[in-house]
Amino acid sequence: MSRYDPSVIEPKWQEAWAEAQTFRAVRSHDKPKYYVLEMFPYPSGRIHIGHVRNYTMGDVIARYKLANGFNVLHPMGFDAFGMPAENAAMAIGGHPKDWTYSNIDTMVAQMKPLGFGLDWSRMFATCDPEYYGQQQALFLDFLKAGLVYRKNAVVNWDPVDMTVLANEQVIDGKGWRSGAEVERRELTQWFFKISDMSGELLEALDGLDDWPAKVKLMQANWIGKSRGLQFAWSLIDGPDGFDRIEVYTTRPDTLLGASFLGISPDHPLARQLEKDNPEVAAFCAECRKVGTSEEALEKAEKLGFDTGLKVRHPFDTAWELPVYIANFILMDYGTGAIFGCPGHDQRDHDFCVKYGLPIVETFLPLDGEIDIQAAPFVPPKGDKVRFTRLLAGQEVQTGDEAVDAAIAICEENGVGHGVTKFRLRDWGLSRQRYWGCPIPVVHCDACGVVPEKKENLPVELPYDVSFDTPGNPLDRHPTWRDCACPSCGKPAKRETDTMDTFVDSSWYFARFTAPRAETPTNMAEADYWMNVDQYIGGIEHAILHLLYSRFFARAMHICGHLPEKSKEPFNALFTQGMVTHAIYQTRNAEGRPVYHYPETVDLRDGKGFLKDGTEVEIIPSAKMSKSKNNVVDPVAIIEQYGADTARWFVLSDSPPERDVEWTASGAEAASKHLGRVWRIAAEVAASDAGASDNDQALLREMHKTIDEVTKGVESFGFNAAIAKLYAFTNTLSKSKAGAAAKRQATRTLAQLMSPMTPHLAEDIWAMLGGEGLIATAPWPVADPAMLVEDTVTLPIQVNGKRRGEITVPKDMDKAEVEKLALAEASVQRSLDGAIPKKVIVVPGRIVNVVI
RNA sequence: GCCCGCGUGGUGGAAUGGUAGACACAGGGGACUUAAAAUCCCUAGGCCUAUGUGCCGUGCCGGUUCGAGUCCGGCCGCGGGUACCA
């Protein structure tokens with residue numbers, strides 16, 4: 001008998017699928033459609049184990065749905081623009097385009113042997129001019145629809161390299177290459193008006209029943225709807241044109257506990273003051289040395305600068321408060337100005353202690369003493385408290401109730417008005433980089449900003465650029481940059497900013513429905529294939545990518561590129577956990593981290609050493625990331641054991657939503673198991689037909705396995721489904737059933753395994769004389785009658801501790817079960833003569849005797 | 001800092017509020033073999049006064065419940081996101 005040899009059977013069956021066009025998605029109305037999509041990869045160079053995990057999960061769903069009679073769309077492409085290509089060009093020479101396409105070729109070549117049921121005919125990369133040209137058309141439509149505008153915004157500026165830095169490129173406030181202290185710089189940039197849709201993006205989350213609750217919660221918090229008071233403080237002796245400061249607060253109930261007014265270093269008043277006050281200028285400059293990321297701002301030491309200016313309290317004109325410039329106030333949220341109430345906020349309390357400002361309470365607990373000077377009083381939302389100033393004497397719940405009451409009083413007194421605000425900011429899409437989709441507009445001295453004409457799309461990236469000097473090479477490319485104004489025809493200049501790569505990934509799912517259409521989408525195709533029935537990807541995309549895509553789908557609907565039903569484009573979402581691996585790092589002479597590949601590190605006694613003996617610092621578990629050199633290459637496993645082993649292994653090892661620390665051990669075990677299944681099948685195929693008394697037991701187990709595996713696949717419980725398949729394989733191999741029953745069980749086993757190990761399954765199917773391809777054979781259905789047992793074994797607890805068990809007919813009534821349970825010898829011993837107070841019988845589950 | 005998760009044997013993990021540790025990996029023992037590989041069988045949470053009707057046990061502390069890995073409150077640790085990494 002020959003052996004299981006994946007290197008022979010895998011190419012053979014891949015060829016068979018290609019020939020039969022098994023995974024080609026064709027629009028036809030004779031079957032229901034099913035669109036399954038995994039988040040497409042960035043072409044970093046080689047696939048890694050996280051890709052294998054992601055695409056195998058999607059493939060299981062795709063193949064399962066195919067077997068269930070669906071017309072399946074399961075496409076693949078590449079999210080191909082982005083910084084790494086430019087970094088590679090700078091580091092090792094070459095061109096971002098060549099680097100990217102060569103990586104794509106490599107990765108496709110690595111993915112094909114995995115046998116994914118993909119419709120490769122639909123593949124594209126976002127850096128294909130055919131794709132980004134359509135994206136430019138979308139941009140122009142959005143512009144026309146009023147969904148795009150320009151405004152000033154700050155970026156990280158590296159004063160040595162004279163270039164804009166991404167947040168990732170700012171390390172401890174310094175540029176990653178130059179090491180120079182980063183500055184903030186203001187540029188005019190393009191924005192999508194996503195904030196206009198804050199309300200509907202928030203409300204529509206409710207309808208996404210098949211999304212993980214945690215993702216909806218994260219999105220809701222990110223959108224951040226709040227009810228608050230917007231009002232003005234009058235400024236005493238302010239600079240010309242500044243006689244008031246607008247403040248938005250979500251805590252108007254603490255207004256009479258205010259101790260200071262704080263404004264952002266980017267607030268117009270701060271900008272004015274720094275013009276002729278060097279101290280203010282120095283302070284603001286210091287604030288701007290922190291990067292632009294929220295994390296950096298929030299973690300930085302809270303600093304304030306007393307401007308010497310005072311404002312009058314709106315409720316008491318004699319009450320004057322100091323105005324501080326503070327580094328923790330964001331210009332982008334609210335009005336860029338806050339009031340500080342140290343009595344009920346930890347940050348404000350710290351600030352007032354630091355700068356010697358008064359601390360007063362505005363409400364007290366209903367009972368008990370507090371020392372407001374020592375610590376702020378911050379009760380949980382909804383707790384009732386007694387107000388002492390505004391709302392004096394009233395007992396009100398903190399949170400909504402107090403806020404609404406405070407707003408009402410303020411409005412009555414002519415102090416501002418209640419407003420609803422969202423935390424969500426508009427989406428800045430301008431990037432000062434080469435390797436992205438050019439923004440299709442032209443700057444004309446006479447006409448201003450002019451959209452490019454659609455017939456001139458795509459505005460293609462020039463190839464002849466160099467990365468010898470930092471900065472955006474488009475800025476230095478005269479023949480590309482200089483052009484004729486689309487409106488008046490006079491000499492003008494192209495916009496040299498390109499689009500954020502999130503734009504590219506915000507509509508690719510729609511493009512897959514008609515990847516070669518001459519418009520962004522084809523409505524007939526979009527109407528048939530959309531929505532994505534199952535979207536699968538990493539939890540790290542829970543907020544940005546998914547929110548931007550939701551916005552884009554709405555905007556595309558407004559512009560007539562998607563049907564109404566696609567305003568929410570992803571019906572169901574599954575967020576897989578990440579494959580993590582330790583990071584090994586050392587520091588260079590400047591103290592910046594240097595990362596080392598796992599294969600270059602020797603691990604001894606929990607410590608890691610390089611070949612030259614240098615000890616490395618081990619960061620135990622982190623997302624696999626090319627920039628951190630902790631990526632594990634799965635190709636070795638595929639070459640050694642085959643695709644089915646790699647697929648089986650990544651699915652069997654851990655629950656798909658959980659992060660998994662990568663270990664190489666276990667792949668061998670998976671391979672052995674597949675070999676065993678193949679051997680069993682070969683034996684069964686060689687045996688003669690016949691029946692036996694043991695047939696029923698095997699078939700009963702088979703139906704239970706069908707049931708459990710089906711439920712497992714439906715609910716992404718792949719690891720549990722595989723555990724059941726292991727158990728059934730054991731049952732089958734030990735079974736004394738006749739050859740006919742074994743043959744039926746083995747065929748079913750192959751079918752249940754086919755989404756996970758499709759090549760092996762096809763081979764067994766063929767061995768056992770299955771008709772056609774197993775990939776398109778109808779999925780087995782469990783017979784409900786075979787799932788029910790006649791008897792059931794019930795554990796018996798005494799006071800919650802297991803003391804014995806009884807086996808009874810499954811429909812025996814409660815009283816009878818109770819009688820039998822109490823009569824049990826072990827129970828009698830435990831009772832030791834005590835009279836049970838209560839006996840709880842949960843039918844089919846458990847008996848608990850309480851004494 | 002803030003938002004969201006996660007935490008179960010040596011390891012990966014299983015468990016609609018109902019027998020904690022299914023199914024595997026690594027380990028130990030055995031069969032087959034001259035030997036090895038391959039294969040097959042057995043074993044396996046910890047502790048103890050150890051073959052018992054024993055005790056402990058799902059990060060820590062507390063609560064709800066006849067019953068908690070699961071629900072609630074408070075901690076600790078780890079991970080993701082934090083708007084220019086994708």
Side-chain angles (χ1 to χ4, degrees), chain A residues 3 39 41-42 44 79 81-84 155-156 164-170 212-215 217-222 224 291-300 302 328 332 346-347 424-433 500-502 505 538-545 547-548 575 577-578 580 620-623 625-627 652-655 657-661 663 665-666 668-670 672-673 675-676 679 717 719-720 722-727 730 733 793-797 799-805 825-826 829-830 832 837-840 842 844-850:
Chain A
R3 288 179 52 235
M39 291 179 187
Y42 177 79
S44 53
D79 186 15
F81 276 133
M83 283 202 308
V155 293
N156 301 304
V164 175
L165 297 177
N167 285 334
E168 190 188 51
Q169 299 172 310
V170 179
K214 63 180 171 185
V215 173
L217 189 55
M218 278 190 261
Q219 291 223 351
N221 289 337
W222 184 261
T292 57
S293 77
E294 185 187 322
E295 186 194 5
L297 287 169
E298 286 284 342
K299 279 188 175 166
K302 309 290 181 279
F328 54 86
D332 291 314
Q346 187 65 54
R347 186 185 66 189
L424 181 64
R425 308 200 295 256
D426 278 334
W427 171 11
L429 67 121
S430 300
R431 295 292 181 272
Q432 296 70 42
R433 275 186 260 284
D500 178 8
T501 56
F502 273 122
S505 55
I539 184 65
E540 69 270 27
H541 295 294
I543 297 175
L544 293 179
H545 162 62
L547 189 61
Y548 290 153
T575 53
M578 283 166 307
T580 62
S621 189
K623 174 171 80 158
S625 163
K626 182 133 173 103
S627 62
S652 66
D653 222 33
S654 50
E657 69 279 8
R658 201 181 295 184
D659 289 353
V660 51
E661 171 77 15
T663 63
S665 68
E668 193 188 343
K672 280 183 187 175
H673 178 73
R676 184 167 170 239
R679 267 197 315 281
N719 57 327
I722 284 178
K724 185 65 192 171
L725 288 167
Y726 266 106
N730 290 338
S733 99
T793 299
L794 299 177
I796 307 166
Q797 297 180 331
N799 280 348
K801 284 190 189 296
R802 186 176 186 279
R803 294 299 181 210
E805 62 180 38
S826 57
R829 275 198 299 273
S830 296
D832 197 22
K837 274 192 210 137
K838 197 169 162 187
V839 179
I840 291 148
V842 184
R845 280 287 173 194
I846 203 164
V847 180
N848 193 6
V849 181
V850 186

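Naming: A, B, ... by sequence-line order, numbering from 1 per chain. Source: prediction; values computed, not measured.
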Problem set entry | C1' atoms of B:G77 and B:C61, separation to the nearest Å | 15 Å
Exercise. NA contact type, A:S430, heavy-atom cut-off 4.0 Å: base, sugar-phosphate, or nothing?
Worked result: base
Nucleotide N/O to protein N/O under 3.5 Å, stretch nucleotides 40-46 of chain B:
residue, atom, partner, partner atom, Å
B:C40, OP1, A:R676, NE, 3.0

Exercise. NA contact type, A:S826, heavy-atom cut-off 4.0 Å: base, sugar-phosphate, or nothing?
Worked result: nothing
For this session: Could you tell me whether the phosphate oxygens of B:U82, OP1 or OP2, come under 4.0 Å of any side-chain nitrogen or oxygen in A:N167?
Result: no
For this session: Looking at every strand, decide which applies to A:L424 at a 4.0 Å heavy-atom threshold: base, sugar-phosphate, or nothing.
Result: base
For this session: Would you kindly check whether a donor in the side chain of A:R845 faces an acceptor in the base of B:U16, or vice versa, at under 3.5 angstrom?
Result: yes
Problem set entry | Whole-angstrom distance between B:U34 and B:U43, as gauged at atom P | 28 Å
Report, one pair per line, the protein and nucleotides 50-54 of chain B atoms (nitrogen or oxygen only) whose separation is under 3.5 Å.
residue, atom, partner, partner atom, Å
B:G54, OP1, A:R803, NH1, 3.2

Problem set entry | side-chain contact (heavy atoms from CB on, under 4.5 Å) against A:N221, all qualifying residues, sequence neighbours excluded | A:L217
For this session: Whole angstrom is fine here: how far is it from CD1 in A:I543 over to C1' in B:C2?
Result: 11 Å
Exercise. Given atom NE2 of A:H673 and atom P of B:C25, what is their separation to the nearest angstrom?
Worked result: 10 Å
Seminar exercise, completed: In whole angstroms, the gap separating P of B:C85 from CG of A:D79 amounts to 13 Å
Problem set entry | Side-chain N,O (A:R431) to OP1/OP2 (B:C84) below 4.0 Å | yes
Seminar exercise, completed: Pairs under 3.5 Å (Watson-Crick or G-U), crossing ones as [ ], inter-strand ones as |: RNA chain B comes out as (((((((..(((.....[....))).(((((.......))))).((((...).)))..(((((..]....))))))))))))....
Seminar exercise, completed: Contacts of A:Y548 meeting ring-ring contact (aromatic ring centres under 6.0 Å, His included) (sequence neighbours excluded), chain-then-number -> A:W427, A:F502
For this session: Report which part of the nucleic acid A:W222 touches: base, sugar-phosphate, or nothing (heavy-atom distance under 4.0 Å, all strands).
Result: base
Problem set entry | Rounded interatomic separation in angstrom, taking CG from A:L297 and P from B:G81 | 18 Å
For this session: Determine: side-chain N/O of A:N221 to OP1/OP2 of B:C4, distance under 4.0 Å, yes or no.
Result: yes
Seminar exercise, completed: The reported gap from CE in A:M39 to CD in A:E540 (rounded to nearest 0.5 angstrom) is 7.5 Å
Problem set entry | Residue-phosphate contact under 4.0 Å: A:R433 side-chain N/O, B:C85 OP1/OP2 | no
For this session: Tell me what A:K299 touches on the nucleic acid: a base, only sugar-phosphate, or nothing, going by heavy atoms under 4.0 Å.
Result: base
For this session: With P as the reference atom in both, quote the distance from B:A15 to B:U8 in angstrom, rounded to an integer.
Result: 15 Å
Problem set entry | Per A:A727 side chain, nearest of listed nucleotides B:C23, B:A86, B:C85 | B:C23
Please enumerate all protein N or O atoms sitting under 3.5 Å from an N or O of nucleotides 64-72 of chain B, with distances to 0.1 Å.
residue, atom, partner, partner atom, Å
B:C66, O2', A:N848, ND2, 3.3
B:C66, O2, A:N848, ND2, 2.6

Exercise. Within the structure shown, what part of the strands sits under 4.0 Å from A:Q432 by heavy-atom distance: base, sugar-phosphate, or nothing?
Worked result: base
Exercise. If you look at every strand shown and take non-hydrogen atoms under 4.0 Å, does A:A669 touch a base, only sugar-phosphate, or nothing?
Worked result: sugar-phosphate
Exercise. Given atom NZ of A:K214 and atom P of B:C6, what is their separation to the nearest angstrom?
Worked result: 7 Å
For this session: Tell me whether the OP1 or OP2 atom of B:A86 has a side-chain N or O from A:T501 closer than 4.0 Å.
Result: yes
Seminar exercise, completed: In whole angstroms, the gap separating C1' of B:A86 from CG of A:L429 amounts to 17 Å
For this session: Mark yes or no for a side-chain to base donor-acceptor pair under 3.5 Å between A:E294 and B:G1, with no hydrogen or angle criteria applied.
Result: yes
Exercise. So what does A:H545 hit on the nucleic acid, given a heavy-atom distance under 4.0 Å: a base, only sugar-phosphate, or nothing?
Worked result: nothing
For this session: Using a 90° cut-off around 0 for syn, call B:G9 syn or anti.
Result: syn
